[in-house]
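Just so it is clear, the structure is predicted and the values come from calculations on it, not from any experiment. Quick note on labels: first sequence line is chain A, next is B, and so on, each numbered from 1.
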There are 2 protein chains.
Amino acid sequence: MKLALVGQLGAGERRAWQDALAQALPEARWVEAAPGAEVDVALVANPSPGRLQGLQGLKLIQSLWAGVDRLLADATLPAGVPIARMVDPAMSAAMAETALWAVLSLHRGFFDYARQQREAVWRQLPQRRADEVRVAVLGLGEMGATAARRLVSQGYRVAGWSARPREVPDVECLHGDAALPVLLARSDVVVNLLPLTAATRGLFDAQRLALLPEGASLVNLARGGHVVEADLLAALDSGHLRHAVLDVFQAEPLPSENPFWRHPRVTLLPHAAALTDARSAAAVAAANVRAVLAGDTPAHRVEIRRGY
Amino acid sequence: MKLALVGQLGAGERRAWQDALAQALPEARWVEAAPGAEVDVALVANPSPGRLQGLQGLKLIQSLWAGVDRLLADATLPAGVPIARMVDPAMSAAMAETALWAVLSLHRGFFDYARQQREAVWRQLPQRRADEVRVAVLGLGEMGATAARRLVSQGYRVAGWSARPREVPDVECLHGDAALPVLLARSDVVVNLLPLTAATRGLFDAQRLALLPEGASLVNLARGGHVVEADLLAALDSGHLRHAVLDVFQAEPLPSENPFWRHPRVTLLPHAAALTDARSAAAVAAANVRAVLAGDTPAHRVEIRRGY
């Protein structure tokens, strides 16, 4: 089988992927993804638009990243070739860790204590129980469901929301457009883990942020495109929102002049909420490679129409 | 029954305790703890030495705080009156939340990302899986056991240690003096939840900190007296220790000139890892009051000889 590794990977990352994939797929041969080349499977990490054009015999485009919104924006993607998202339990665990850390930090005032430390202020803040904190998890795919379950296990009052009906054990699950404003209006912390699609782009605009109760917080671990950044800044500056934890932005890396860097009520991560771990993700990719070569449908195949 | 509330409580705190205790013990009468006064139960929060002398008919000293090291240092405590620690599941949950937040922050580099944010640096840091992080929890009372179980549920490699043998489901439990250096030498994060006694005072001195692997971190949520602060600073400054999360100090409130406030690898909390919540703790205290008035032994009675 002929594999090509295409995309924005540093030399060290590229080697880590090739080593991990060589272990999982000892029969693989690595080829260059050039127009006219025979390639069975393209393993991609945000390839430049056009990079997958003209490949011969392509049977699978396997994303090495969870989000495929940038990949799908490439109008030259070969038609009819299945595309698969990366769904790796280790990556879902990492995302759930970040969600739990953000909720714990907001619930227990640890961001406020960090500010107090910088000012050498010794002051205890009011302490609530976890069951007094209402957390909404938007998006109930592997990552959202894992995060929601871990938050429930720590005693939080968790409700999940997704566009279509989903069931997650021990989590109250809502769905559909009508349920979203109702949920936002009763949530102290909103954790966004939705896919970025035409339906979810700009979801957090002034109108929806205004639905949140005074003093609520937003945790965006999904995509920068979900948030209208000027509207979020205004909601923070007016005091309506208490805090934002942001891992993703409209422009990445975030330009150094962006006000989020220095905002006292923004905690910022460099798109690091859940990095793909080549060691475990290679096994996931290998299973999909074997599936398509055997004529089966790959797991977590993207539905182009819905956008993820 | 006659109750007295004695200790370092602000007016708001005193009212919250009296309201909560009045609900739990409607038959209670509040009296002043003056020498010669008849008092059935003294509910105490760090009373000044001598404040419990000369009370008549005292049947129980119920601490409203978990630690009793300062209380036991009062040489004038009435002999033979049982003393009970506060063991409240809500307080153990709060402590476990703080322990989990500290371990998540250390494991996933969130303190490092906060530093990067202040410097407007966009850089992803290496990401390990939880099962690659070895956490030692010292002290396996209610708080230590709860923290250890929650860390296990998040996938960490947890080992607990206590002076005497203990069993905690799903946690490897070690005990005794000989096991401690062995455990320290194989731990990436040490969470201290021990009681402060003659045997544990100054536990974290230069010699024991040197046993930790290079790059390990210390989370002290117990008592300032457990740590030789100059030795901890030296271990941080030499680079041997990566980070310290400190909730408790030799002197509290921590003086503003103390170098911990501004140390780049110290995260500091104002003795707020687990505040007593009067709403739930009152029920715990009430159950002990009823027990002693019925002639029974109170729960979580302090053994003076062992010091907790």
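With 3.5 Å as the limit, one finds a donor-acceptor pair spanning the side chains of A:D237 and A:H263.
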*Show the numbers, then the answer: is there a salt bridge (charged side-chain N to carboxylate O under 4.0 Å, His left out) between B:R265 and B:D112?*
CA-CA 9 Å; B:R265 287 187 286 120; B:D112 304 308; over 6 Å; no

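Salt-bridge formation is not detected for the pair B:R149/B:D170: no Lys NZ or Arg NE/NH1/NH2 atom is positioned less than 4.0 Å from an Asp or Glu carboxylate oxygen. Salt-bridge formation is not detected for the pair A:D247/A:R223: no Lys NZ or Arg NE/NH1/NH2 atom is positioned less than 4.0 Å from an Asp or Glu carboxylate oxygen.
Looking at A:F111, neither its backbone nor its side chain comes within 4.5 Å of chain B, counting heavy atoms on both sides. For a residue to count as touching a neighbouring chain, one of its non-hydrogen atoms must lie under 4.5 Å from one of that chain's; by this rule A:H271 touches chain B with backbone and side chain alike. For A:A273, the part lying under 4.5 angstrom from a heavy atom of chain B is the backbone only. With a 4.5 angstrom heavy-atom cutoff, A:A114 does not touch chain B via any of its atoms. Residue contact with chain A, scored on non-hydrogen atoms closer than 4.5 Å, is absent for B:S280.
Ranked by heavy-atom pairs under 4.5 Å with chain B, the list A:A90, A:S256, A:S153, A:A94 is led by A:A94. With chain B as the partner, the residue from A:E252, A:R279, A:Q117 showing the most heavy-atom pairs under 4.5 Å is A:Q117. Considering only heavy-atom pairs separated by less than 4.5 Å from chain B, the leading option among A:L275, A:L268, A:D277, A:L104 is A:L275.
Looking only at distances, a side-chain donor or acceptor of B:E13 sits under 3.5 Å from a matching main-chain atom of B:G10. Side-chain N or O atoms of A:T146 include none that pairs as donor or acceptor with a backbone N or O of A:A96 at under 3.5 Å.
Between B:L269 and B:L246 there is no side-chain heavy-atom pair separated by less than 4.5 Å. Counting heavy atoms from C-beta on, the side chains of A:W261 and A:V266 never come closer than 4.5 Å. Side-chain contact between A:V219 and A:L106 is present, with at least one heavy-atom pair separated by less than 4.5 Å.
Paired with A:L43 under the rule side-chain contact (heavy atoms from CB on, under 4.5 Å), one option of A:L5, A:V6, A:L9 passes, and it is A:L5.
Scanning residues 120-135 of chain B against chain A with a 4.5 Å non-hydrogen threshold yields B:A120, B:V121, B:W122, B:R123, B:Q124, B:L125, B:Q127, B:R129, B:A130, B:E132, sorted by number.
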